[in-house]
Amino acid sequence: MRACMHPPRINLLPNMPGETVDGVIDEFEAITSDAREVQIQTLRDILEANADSEYLQCLGLDGRTDPESFRDCVPLVTHKEIQHYIQRIADGDTSPILTGKPITTISLSSGTTQGKPKFVPFNDDLIDNTVQIYKTSFAFRNREYPVGSGKALQLIYGSKQFRTKGGLVAGTATTNVFRSDRYRAAMESIRSEACSPEEVIFSPDFHQSLYCHLLCGLLFWDEIQFVSSTFAYSIVHAFGTFEQVWEELCNDIRKGVISDRITASSIREAVSRLLKRNPDLADWIHEKCSGLNNWHGLIPSLFPNAKYVYGIMTGSMEPYTKKLRRYAGELPLLSADYGSSEGWIGVNINPKLPPESVTFAVIPNIGYFEFIPSMKIDEIPEGDSSRMELPFPEEEPEPVGLTEVKAGEEYEVVLTNFAGLYRYRLGDVVKVTGFHNSTPELRFIRRKSLVLSINIDKNTEKDLQLAVEAASSILAAREGLEVVDFTSHADVTTSPGHYVIFWEMEGVAGEEVMRECCDCLDRSFEDAGYVGSRRTNGIGALELRVVRRGTFEKVLEHFLGMGSAVSQFKTPRCVGPNNMAVFQILCDNVVNRYFSQAY
Ligand code: AMP
């Protein structure tokens, strides 16, 4: 048992007080009212619980647990520096390496930034944190948009779990959470019943899973209270698939027999138990779908009792919100919380805010948080050697504590958790927008790594997103077409090097419009380094490569093949040498290339 603390960690496990919506909100208000004290206590708990670990033993803390000693003795690290400790754990070393209690499960991060999934330690504390954040988030959401006891169309997918060399269970963090009995038991009180049986969530084949999620949603059409997924991408992807398969879904319902495309016996049997012949429902769905203009308002048409659409819509998910709004019609889009495989950070307590304005209140007892002021972040792309070196800052950055951050400033998040990560640089840049009680509210800005850089130019994921938004608005205005997905590449094999943007589009646009889009992309990168280099030909003309329809689906398949889950998938916004397989997929599917004439 962890030492008793004051103020206490919220205990939200079943049959404990504080389970009502108001109770959960009261608890949240209590722990955020003296965030500094809660942080000191949380750090003490983490260090006491793991004092015997090899990692902490070597650092000379000698039993001290105060923030100053912690900062003086424990170095800031990235995943690279602690990878060998995690590998030893995965290989079966059961000595206390990073934590007092041995780690028995490993999470795989989605790996879309670095090309391949990373191993991250996972334990029961992370499950409890997940429960705490879900309950807090649900309480605030439910206060604004109460949902009844109906069902939810939850577009979630467990990836395969496997055993590491040392016999530890490994899977994506979402899979580890969804599979955990501890999680299921704890969530019983608030979990709207998913309309799909578990066999669908844990199906061996994601395409079959998706088809059955949609089918189950239709079968329970009038009970669905909300539609959700972890990330907005999977909701857009699911309804994009619906556009292709809706007639087949209607057929299944009309006949009461599931399509031959479902070959996995586990899900075939589970869904067949729910599927009864219902020609009236099939006709009704047919009529609804036929009456829609470009699928606008699809979700409320199919699920008239749904109250909202829910999932992470910030950061790299922002580009998908446009399409999501089309499917959602008048239904509100509620953006979900901020976390990672390494741990949770903050909760969205203002569900009514539109996705672009969402902030996350840090929960001060789920980890110990520090923040590196943004100007000191070394802007070196993670694992991308395609670009020339930028100078590293001379001094070690000095992080500040959770309650020392300043509104209006940007910081990189540093996390210390209950699962063996100490002063771990998460690689995310956030902006403090204000405080809720004494805990900061953060807006997600970007991954720290640069997306594009050839020499002195620096362009981030956000810069790329804005450039694509500007250019795609030309496409939408002139041709009524949308960009389905995009990524980028810094091509230094040409002299001079140049930016390459890959676009998948919904249809074919005229040459002239495409040239305009290409020029617009080039002009939209406005940092002085880029503009100066373009003017002096230190960087060559930007190249827009259009890839054939379905190319980004192949990119998704590639990541799924490496153990990633659709629930956690984020399209990599830059492909470099670490991502050669993805780069190859993109290059193999190019149908048109345009070079900018903007300079
Ligand atoms: P992973 O651990 O691979 O699933 O990815 C975690 C990363 O996803 C975080 O470090 C963020 O970069 C991103 N992320 C998670 N939640 C959010 C959010 N609410 N808004 C924006 N980005 C997020």
Side-chain angles (χ1 to χ4, degrees), residues 78-79 86 106-122 126 129-130 133-134 136-137 156-159 170-178 228-234 310-321 333-351 353-363 366-367 369 377 382 411-415 417 419 421 424-431 433 441-449 451 460-462 465 559-560 562-574:
T78 62
H79 188 268
I86 304 175
I106 295 285
S107 286
L108 272 81
S109 75
S110 59
T112 40
T113 316
Q114 291 178 316
K116 61 175 192 308
K118 286 182 298 199
F119 277 8
V120 179
F122 181 88
L126 294 184
N129 292 163
T130 307
I133 206 135
Y134 281 9
T136 309
S137 177
I156 50 179
Y157 311 88
S159 64
T172 58
T174 40
T175 305
N176 291 339
V177 168
F178 296 154
S228 74
S229 189
T230 313
F231 285 103
Y233 169 85
S234 356
Y310 179 65
I312 293 174
M313 298 173 194
T314 37
S316 63
M317 293 297 127
E318 262 181 51
Y320 305 109
T321 49
L333 300 182
L334 272 53
S335 193
D337 311 305
Y338 173 30
S340 66
S341 308
E342 289 87 344
W344 284 101
I345 296 118
V347 57
N348 176 6
I349 56 170
N350 298 301
L353 287 178
E356 327 52 88
S357 313
V358 161
T359 58
F360 307 99
V362 180
I363 303 201
I366 55 176
F369 299 97
I377 295 169
E382 282 169 36
Y411 300 89
E412 180 190 345
V413 180
V414 177
L415 172 81
N417 71 8
L421 299 181
Y424 178 95
R425 297 177 71 160
L426 198 57
D428 288 343
V429 178
V430 296
K431 182 174 189 162
T433 56
E441 292 194 271
L442 311 175
R443 171 159 304 144
F444 184 89
I445 301 294
R446 60 185 169 91
R447 294 286 302 160
K448 182 192 68 170
S449 50
V451 171
T460 64
E461 178 178 291
K462 187 80 190 170
Q465 184 194 320
F559 280 102
L560 297 186
M562 290 197 305
S564 189
V566 187
S567 303
Q568 250 173 285
F569 178 75
K570 300 169 225 50
T571 298
R573 294 299 180 208
C574 179

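The structure presented is a predicted model; accordingly, all values stated were derived computationally and were not measured. When a ligand or atom number is given, it counts from 1 through the structure's own listing order. Reckoned from all heavy atoms, side chains included, excluding hydrogens, waters and symmetry mates.
Contact between T174 and ligand 1 is absent, with no heavy atom of the residue lying under 4.0 Å from the ligand. Distances shorter than 4.0 angstrom do not occur between any heavy atom of K118 and any atom of ligand 1.
For the pair Y310 and S137, the minimum side-chain heavy-atom distance is below 4.5 Å.
In summary, the atoms of ligand 1 found under 4.0 Å from a heavy atom of R447, numbered by their order in the structure, are 10 (O), 12 (O). Every atom of ligand 1 with a heavy atom of S109 under 4.0 Å away is listed here by number and element: 3 (O). Below 4.0 Å from some heavy atom of F360 lie the following atoms of ligand 1, by number and element: 19 (N).
In Y338, the parts holding a heavy atom less than 4.0 Å from any atom of ligand 1 are both the side chain and the backbone. The parts of T314 lying near ligand 1 are both backbone and side chain, judged by heavy-atom distances below 4.0 Å. Here M317 has no heavy atoms under 4.0 Å from ligand 1, in either its backbone or its side chain. Neither the backbone nor the side chain of V120 has any atom closer than 4.0 Å to an atom of ligand 1 (non-hydrogen atoms only).
With 3.5 Å as the limit, one finds no donor-acceptor pair spanning the side chains of S335 and N348.
Without hydrogens or angle criteria, S229 side chain to G311 main chain gives no donor-acceptor distance under 3.5 Å. Looking only at distances, no side-chain donor or acceptor of S109 sits under 3.5 Å from a matching main-chain atom of S341.
A salt bridge links D428 to R447: at least one charged side-chain nitrogen sits closer than 4.0 Å to a carboxylate oxygen.
Of all non-hydrogen atoms in I106 and F119, the two that sit nearest each other are CG2-CG, 3.7 Å. Between L421 and P121, the shortest heavy-atom distance links the atoms CD2-CD, 4.1 Å.
Legend: residues meeting salt bridge (charged side-chain N to carboxylate O under 4.0 Å, His left out) with K462, ordered by chain and number and at least two apart, are E318.
The shortest N/O to N/O separation between Q568 and ligand 1 falls below 3.5 Å.
Residue nearest to atom 15 (C) of ligand 1, selected from S340, S107, G339, S341: G339 (by heavy-atom distance).
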